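Here the structure comes first, spelled out in structure tokens, and everything after it is commentary.
Proteins come first, then strands; the chains are lettered A, B, ... in the order of their sequence lines, and each starts at number 1. All values below come from the heavy atoms of this structure, side chains included, with hydrogens, waters and symmetry mates left out. Keep in mind that this is a model prediction, so the values were computed, not measured.
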2 protein chains.
Amino acid sequence: MITKNTSAPAVDATLRAWGLRLTRQRRIILEVVHATDAHPTAAFVYRRVRRRLPRVSLATVYRNLRRLAAEGFLAERADPSGVRFDGNTAPHDHFTCVACGRIYDVPTRATRGVRARIAVRSGFEVLNHRVEFYGRCGACRRQGGRSPVKGQRRS
Amino acid sequence: MITKNTSAPAVDATLRAWGLRLTRQRRIILEVVHATDAHPTAAFVYRRVRRRLPRVSLATVYRNLRRLAAEGFLAERADPSGVRFDGNTAPHDHFTCVACGRIYDVPTRATRGVRARIAVRSGFEVLNHRVEFYGRCGACRRQGGRSPVKGQRRS
DNA sequence: TTTGTTGTTGATAATGATTACTAAAAATAC
DNA sequence: GTATTTTTAGTAATCATTATCAACAACAAA
């Protein structure tokens, strides 16, 4: 079982509604992103997809990641390390460990209510919000390392 | 009055403590960022600085923005439109209008307490956090425009 | 003041990520 | 089957950013 929560027929139907086809490349790109929780970069996805489709083009990976994100099959986010994709399109926050670089998903329970409060105070219409935490994860705290690791893979 | 909350002597002293000099270029770059609330990109800063120092190099602007941010005189943040700098180094959140592209500062009152809640729930050590809101600002709501504007200047 | 050391600059080349372009292949419609 | 549309692989082009380096400026020691 490679995909996590995307069934190919359902994806196919929705894609078709937008005039897109579920090609082999597109399906595998989607599967790769869904099969990892590493919040991968385009380059990471490219490397993984190439294991199964050695002749795939980097441009195809970019084109489809962009497209799939635009249609809502993936989430796309920019952070200091670059652009990353996320197969988890449900609302959630992120915790980035400054020691090991790992990005953890965090349930939104703790930040619930924030959006409504801002809307009231500012008079703006809030459509979306994003919370990013930075710190040291449990594993890195136990290892006791002090300073952020240099030269971590962007993966 | 060009600078907002950075007095040159104080900056000079702190820079010197790090072995950095407050050169003409460095001072003007700092002033330009502090003089706008537009959360400027490096290119924007370059254009502004060039008005006062026509022979300044783009590399000098990048070099100093990076450096000044590392020393804490500026804040640096990445968002979908690229890397931006912020003269306001006090804790605050951001609201990005998807219609006009403007980025507003938002006081952190509404998000207070969020960090502590996450720390307790996850067992991670939270050093920092960032909240970004997306929606339509007061001006754009009144104008009644529906969809996000294409091709807005990255300024 | 001269000399040495270190930090800084402007100019430009190099890099890395992303996008644009294009001819060929694949999928679908007729 | 043929025609039409979409997608692809391959590659060139673009854009932001960083690296390199020779010339220059600030400061310190002699």
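- Proximity note for B:R67 (side chain, C-beta onward) versus C:dT8, D:dT8, D:dT7: the nearest is C:dT8.
- B:L15 CG to B:R67 CZ: the interatomic distance, rounded to the nearest 0.5 Å, is 9.5 Å.
- Distances were taken from every side-chain heavy atom of B:Y62 (C-beta onward) to each of D:dT8, C:dT9, D:dT17; the shortest belongs to D:dT17.
- Going from atom CG of B:L53 over to atom P of C:dT9 covers 10 Å, rounded to whole Å.
- For A:L65 and C:dT19, the CG to P distance is 10 Å, given to the nearest whole Å.
- For B:F133, the ring pair (Phe, Tyr, Trp, His ring centres under 6.0 Å) partners are A:H129, not counting sequence neighbours.
- Comment: A:E76 does not engage A:R66 in a salt bridge, judged by the lack of any side-chain N to carboxylate O separation of less than 4.0 angstrom.
- Nearest heavy-atom pair, A:V32 versus A:R48, reported as atom, atom and distance to 0.1 Å: CG1-CB, 3.5 Å.
- Here B:T60 lies in heavy-atom contact (under 4.0 Å) with a base.
- One finds no side-chain N or O of B:T41 lying less than 4.0 angstrom from the OP1 or OP2 phosphate oxygen of D:dA16.
- At a threshold of 4.0 angstrom between heavy atoms, the contacts of B:R24 with the nucleic acid are absent.
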Collect all protein-nucleotide pairs involving nucleotides 24-28 of chain D in which both atoms are nitrogen or oxygen and the distance is under 3.5 Å.
{"residue": "D:dC27", "atom": "OP1", "partner": "B:R16", "partner atom": "NH2", "Å": "3.0"}

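- When rounded to the nearest whole Å, the span between CG of B:L22 and P of C:dT9 equals 10 Å.
- The nearest whole Å value for the distance from the CZ atom in A:R27 to the P atom in D:dT7 is 15 Å.
- Within a 6.0 Å radius of CZ in A:R121, other residues, nucleotides and ligands contribute more than 12 heavy atoms.
- What separates CH2 of B:W18 from C1' of C:dT6 is a distance of 18 Å, to the nearest Å.
- Two rings, from A:Y62 and A:Y46, have their centers 6.0 Å or more apart.
- For B:E132 and B:R77, the salt-bridge test passes: some basic side-chain N is under 4.0 Å from an acidic carboxylate O.
- Between A:F95 and A:Y134, the distance from one ring center to the other does not fall under 6.0 angstrom.
- Counting only heavy atoms from C-beta on, B:R66 has its side chain closest to D:dT18 among D:dT8, D:dT18, D:dT17.
- Taking atom CZ on B:F85 and atom C1' on D:dA16, their separation rounds to 11 Å, with Å as the unit.
- Distance CG (A:N64) to P (C:dA20): 15 Å, rounded to an integer number of Å.
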Pick out the pairs of N or O atoms, protein on one side and nucleotides 10-12 of chain D on the other, that lie under 3.5 Å.
{"residue": "D:dG10", "atom": "OP1", "partner": "A:R55", "partner atom": "NH2", "Å": "2.2"}
{"residue": "D:dG10", "atom": "OP2", "partner": "A:R55", "partner atom": "O", "Å": "3.4"}
{"residue": "D:dG10", "atom": "N7", "partner": "A:S57", "partner atom": "OG", "Å": "3.1"}

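- With respect to the salt-bridge test (charged N to carboxylate O, under 4.0 angstrom), the residues B:R84 and B:D86 do not qualify.
- Within the 4.0 Å cut-off from OP1 or OP2 of C:dG10, at least one side-chain nitrogen or oxygen of B:Q25 is found.
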